[in-house]
Amino acid sequence: MGIVQGLSEFLPISSSAHLVFTSNFYKVFKGIEIVQETNQEVFLDIMLHLGTLIAVIIFFRKEIFAICKALIKRDKTNPDFRTGVYILIGTVVTVLIAFPLNEIAGGLVFKPAIVGLLLIFTGALLLFSEKIKNAKSDKITLKTSILIAIAQGFAALPGFSRSGLTIATGLLNGVDRTTAARYSFLLSIPIILGASMVYPLVKLDFAEVVTYNWTAIIAGTVVSGIVGYFCIKYFLKFVSKFSLAFFGYYCLVMGIVTAIFFWGK
């Protein structure tokens, strides 16, 4: 699960979908009924996302420091200030979109066939965005940042890849792949951080948490962070040279196979 999260969080293939697939494939092959996740499974998902959050913070530590410095100084002439403002606005927009979808997203965790269908949509969007041959820029505008944030909000649903939808939205609005990917990763930080902090405080029974398999949870978290760090590094190199069509076709195939396999289960 740690390896799956580390790879799929930053690749445009939907980490939440792959966590759903991995856990449910395991249940099917072990003869376990597919039902709603236990609290321990939900907590593991949160910790795996926390691992990849630490990875993206470490990788973009210089950019994050520059953005925070520009915001504190209110240096409106600094491009980092504009990026910081866009991220703050984008975070609010994402929450407004994602919060009403939270209950639906929770229900999809044990409906992997539906998640597969949503992954097919992600693949189709990636392929479509690569077909648009408009001029590409390394600048993010306020309008584009809001549209990217809306896409990130809908990615609360497993199968809608957060990085896939946000990068594709950037491409469709004239942003080059590398800039769209970097902005997508930076925009993810407040949302993942918020979810990692808020959910445990609101929904978890801490008396129950101490009974969890912490060896497995810590191992998965560390692995997700290490794998995630190197995934960011090499994915950014990949998108600077190559199309996202490969990931689009992957999502189509994986979505179709999964929908067929889990249909009726």
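The basis for the numbers below is simple: all heavy atoms, side chains too, and nothing from hydrogens, waters or symmetry mates.
Scanning for side-chain contact (heavy atoms from CB on, under 4.5 Å) contacts around S224 gives Q5, L48, T52, with sequence neighbours left out. By the side-chain contact (heavy atoms from CB on, under 4.5 Å) test, I256 is found to be paired with I120, I260, residues two or more places apart in sequence or in another chain being considered. Among residues two or more places apart in sequence or in another chain, the salt bridge (charged side-chain N to carboxylate O under 4.0 Å, His left out) test is passed with E63 by R182. Looking at residues two or more places apart in sequence or on another chain, you find a side-chain contact (heavy atoms from CB on, under 4.5 Å) between V92 and L96. Contacts of R177 classified as salt bridge (charged side-chain N to carboxylate O under 4.0 Å, His left out), with partners at least two apart in sequence or in another chain: E130. L53 pairs by the side-chain contact (heavy atoms from CB on, under 4.5 Å) definition with L50, V56, I57, I189, I192, L193, not counting sequence neighbours. With sequence neighbours excluded, the residues forming a ring pair (Phe, Tyr, Trp, His ring centres under 6.0 Å) with F185 are F10, listed by chain and number.
Within the structure, the side-chain hydrogen bond (donor to acceptor under 3.5 Å, both in side chains) test picks out no pair touching residues 232-248 (sequence neighbours left out). The side-chain hydrogen bond (donor to acceptor under 3.5 Å, both in side chains) pairs that include a residue from residues 249-259 are H18-Y250, where partners are two or more places apart or lie in different chains. The stretch residues 48-95 participates, sequence neighbours left out, in these ring-ring contact (aromatic ring centres under 6.0 Å, His included) pairs: F59-Y229.
Put simply, CD1 on I13 and CD on E9 are 10.5 Å apart, with the number rounded to the nearest 0.5 Å. With rounding to the nearest 0.5 angstrom, the OH atom of Y183 is 14.5 Å from the CG atom of D138. Between the CZ atom of R162 and the OG1 atom of T94 there is a distance of 9.0 Å, given to the nearest 0.5 Å. The CD1 atom of I218 lies 7.0 Å from the CE atom of M47; values are rounded to the nearest 0.5 Å. I140 CD1 to I87 CD1: the interatomic distance, rounded to the nearest 0.5 Å, is 10.0 Å. The CG atom of L19 lies 5.5 Å from the OG atom of S8; values are rounded to the nearest 0.5 Å.
Nearest approach of F235 to A181, heavy atoms of both residues: CE2-CB, 4.2 Å. Taking each heavy atom of G159 and S14 in turn, the nearest pair found is N-OG, 3.1 Å. Of all heavy-atom pairs spanning C251 and L119, the tightest one is CB-O, 3.5 Å. Counting all heavy atoms, side chain and backbone alike, P12 lies closest to S163 at CA-OG, 3.2 Å. Taking every heavy atom of both residues into account, S129 and L171 meet most closely at OG-CD1, 3.7 Å. When every heavy atom of D45 is checked against every heavy atom of M1, the shortest pair comes out as OD1-CE, 4.0 Å.
Enclosure of atom CG in L117 by more than 12 non-hydrogen atoms of other residues, nucleotides or ligands within 6.0 angstrom is indicated. Annotation for F25: atom CZ counts as buried by contact number, over 12 foreign heavy atoms lying within 6.0 Å.
There is a path of hydrophobic side-chain contacts, each under 4.5 Å, that joins L165 to I97. In the hydrophobic clustering of ILVMFWY residues, with side-chain heavy atoms under 4.5 Å counting as a link, I54 and F230 come out together.
Through direct or relayed side-chain contacts under 4.5 Å between Ile, Leu, Val, Met, Phe, Trp and Tyr, V210 connects to no other residue.
Residues F246 and F238 keep their aromatic ring centres 6.0 Å or farther apart.
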Query raised in the report: Would L125 and L172 satisfy side chain to side chain contact (heavy atoms under 4.5 Å, CB included), going step by step from the backbone distance to the final call?
Result: CA-CA 10 Å; L125 181 63; L172 291 171; 4.1 Å; yes
Report task. Quick one: do I191 and T91 satisfy side chain to side chain contact (heavy atoms under 4.5 Å, CB included)? Show the steps, please. Result -> CA-CA 7 Å; I191 292 298; T91 299; 3.9 Å; yes
Report task. Evaluate side chain to side chain contact (heavy atoms under 4.5 Å, CB included) for D176 paired with S137, printing each intermediate quantity in order. Result -> CA-CA 5 Å; D176 66 70; S137 168; 5.8 Å; no
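With no hydrogens or angles considered, no side-chain donor-acceptor pair links D80 and T83 at under 3.5 Å. A donor-acceptor contact under 3.5 angstrom links the side chains of T166 and S184, judged on distance only.
The aromatic rings of Y212 and F43 sit tilted, their planes meeting at an angle between 30° and 60°.
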Please tabulate, for the side chains in residues 143-150, all donor-acceptor contacts under 3.5 angstrom to protein atoms that are two or more places apart in sequence or on a different chain.
| residue | atom | partner | partner atom | Å |
| --- | --- | --- | --- | --- |
| T144 | OG1 | T141 | OG1 | 3.0 |
| S145 | OG | T141 | O | 3.4 |
| S145 | OG | L142 | O | 2.6 |

